[in-house]
Amino acid sequence: MLWIFSDPEALSRAAAALFARRARQAIRRSGRFAVALSGGQTPRQAYEWLARSPCRDAVEWDRVHVFWGDERCVPFEDPRNNARMAFEALLTHVPIPQDQIHPIACADDPKAAAARYERILRDFFGERPARFDLIFLGLGEDGHTASLFPSSPALEEQVRWVVAVEEVTPPRVTLTFPLLNQAYLVAFLVSGANKAGILREVLRSPSDPRRWPAQGIRPIGGRILWLVDRAACSLL
Ligand code: 6PG
């Protein structure tokens, strides 16, 4: 499903409201809300709206468990760090228990960090289905999403939920299709004219996830929502 907004602010407000709504539904259904945040720049404004009333007051933050879809393997202090952005824009402004926030600490050894994060996720889901209630994803101009890049070996992963991506600089750690595609809802946030070409390819071209990894996101028994602004869908 495609939701089109007039501008980045309208898109961001809608993404914040979506988070609050899904949180309410999930907490009613299972007592907790498991969400994976996206990095990059597009989600920052949505996180800032979520940190403000009315969205802020609509969420039972003590029931929220935050994970990330991917991370750049740089220290938390580095402005490229995805967790840092989310802490600045949202997590330091809402009453969420610190032990329910799970950044991907991977500045040291990406492979070891990926294995560590997989253990954290397997402990968290335990006997429950490993289904995130909501996953926010972005779309790179080359069709990558999370840190699943075109032609990357990570695209072929069938078993592990988290892998290191070392063919890029800085290296990355990313969730894989086997875990991402178990989500109840994946919401792509796509903004700006520079994304118009790739958005048309991803939505209109025959499926080729090796070329456009975002096409590999197909939640089994779940849904995909595209929140896009008018500039990004100008070629659709
Ligand atoms: C990352 C992201 C990545 C991002 C896209 C879009 O760590 O970079 O997880 O997948 O979502 O590159 O980034 P922008 O929103 O900055 O265009």
Side-chain angles (χ1 to χ4, degrees), residues 5 7-9 11-12 14-16 19 35-50 66-76 78-90 102-107 110 113-114 117 132 134-152 154-155 157 161-177 179-181 183 186-203 209 211-217 224-229 231-234:
F5 298 93
D7 54 52
E9 181 182 324
L11 185 163
S12 301
F19 181 111
V35 60
L37 301 180
S38 174
Q41 288 314 307
T42 307
R44 179 189 286 272
Q45 209 186 131
Y47 299 161
E48 289 165 351
W49 281 112
L50 197 45
V66 176
F67 297 85
W68 274 261
D70 73 322
E71 185 57 274
R72 296 101 177 252
C73 295
V74 293
F76 183 83
D78 188 305
R80 296 169 295 172
N81 186 280
N82 287 338
R84 173 181 164 160
M85 183 273 274
F87 271 91
E88 285 171 356
L90 170 64
H102 307 280
I104 305 174
C106 57
Y117 205 63
F132 278 104
L134 174 63
I135 298 180
F136 280 136
L137 287 177
L139 178 65
E141 290 180 40
D142 60 357
H144 82 261
T145 191
S147 285
L148 297 167
F149 292 93
S151 307
S152 168
L155 302 172
E157 183 58 44
W161 292 353
V162 191
V163 296
V165 177
E166 299 181 290
E167 70 267 18
V168 294
T169 305
R172 310 270 191 115
V173 167
T174 188
L175 301 190
T176 61
F177 289 139
L179 182 60
L180 293 167
N181 283 330
V186 174
F188 281 94
L189 310 184
V190 186
S191 168
N194 62 321
K195 300 288 176 71
I198 190 61
L199 185 63
R200 184 188 56 204
E201 295 294 358
V202 168
L203 293 181
R211 187 170 177 197
W212 298 303
Q215 288 183 325
I217 301 295
I224 293 184
L225 205 45
W226 291 85
L227 288 78
V228 304
D229 64 14
C233 64
S234 56

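Whatever order the structure lists them in is the order used to number ligands and atoms, beginning at 1.
Taking 4.0 Å as the cut-off, Ser147 does not count as a neighbour of ligand 1 on heavy-atom distance. Using a non-hydrogen distance threshold of 4.0 Å, Glu71 does not register as a contact of ligand 1. Put simply, part of Ala146 is less than 4.0 Å from ligand 1, judged by heavy atoms.
When side chains are defined from C-beta on, Pro110 does not count as touching Val165, because their heavy atoms never get closer than 4.5 Å. The closest side-chain heavy-atom distance from Lys195 to Glu141 is below 4.5 Å. Annotation: side chain of Asp229 is not in contact with side chain of Asp7 (no heavy-atom distance under 4.5 Å).
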- Residue pair Cys233, Phe5: steps toward the side-chain contact (heavy atoms from CB on, under 4.5 Å) verdict: CA-CA 10 Å; Cys233 64; Phe5 298 93; over 6 Å; no

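Nearest to atom 15 (O) of ligand 1 among the protein's heavy atoms is Thr42 OG1, 2.6 Å. Of all protein heavy atoms, the one lying nearest to atom 13 (O) of ligand 1 is Gly40 CA, 3.9 Å. Regarding atom 6 (C) of ligand 1, its nearest protein heavy-atom neighbour is Leu139 O, 3.6 Å. For atom 16 (O) of ligand 1, the nearest non-hydrogen atom of the protein is Gln41 N, 2.7 Å. When hydrogens are left out, the protein atom nearest atom 8 (O) of ligand 1 is Arg72 NH2, 2.6 Å; that is the closest non-hydrogen contact. From the protein, the heavy atom lying nearest to atom 9 (O) of ligand 1 is Asp70 OD1, 2.7 Å.
Residue Gly39 approaches ligand 1 through these ligand atoms, each under 4.0 Å from one of its heavy atoms: 2 (C), 9 (O), 11 (O). Each of the following atoms of ligand 1 lies closer than 4.0 Å to a heavy atom of Gly138: 11 (O). Near Asn82, the atoms of ligand 1 lying under 4.0 angstrom from a non-hydrogen atom of the residue are 1 (C), 7 (O).
Between Arg72 and the choices Asn82, Thr169, Asn81, the side chain to side chain donor-acceptor pair (under 3.5 Å) rule is met once, by Asn82. When each of Thr145, Thr42, Asp70 is paired with Leu137, the side chain to side chain contact (heavy atoms under 4.5 Å, CB included) condition holds for Thr145 and for no other.
Between Tyr117 and Phe67, the two ring planes are perpendicular [angle over 60°; tilted spans 30° to 60°]. By the 30° and 60° cut-offs, the orientation of the rings of Trp226 relative to Phe188 is parallel.
Between Arg80, Lys195, His144, it is His144 that holds the heavy atom closest to atom 12 (O) of ligand 1.
Inspection of the Ser152 and Glu167 side chains reveals an N or O donor paired with an N or O acceptor under 3.5 Å.
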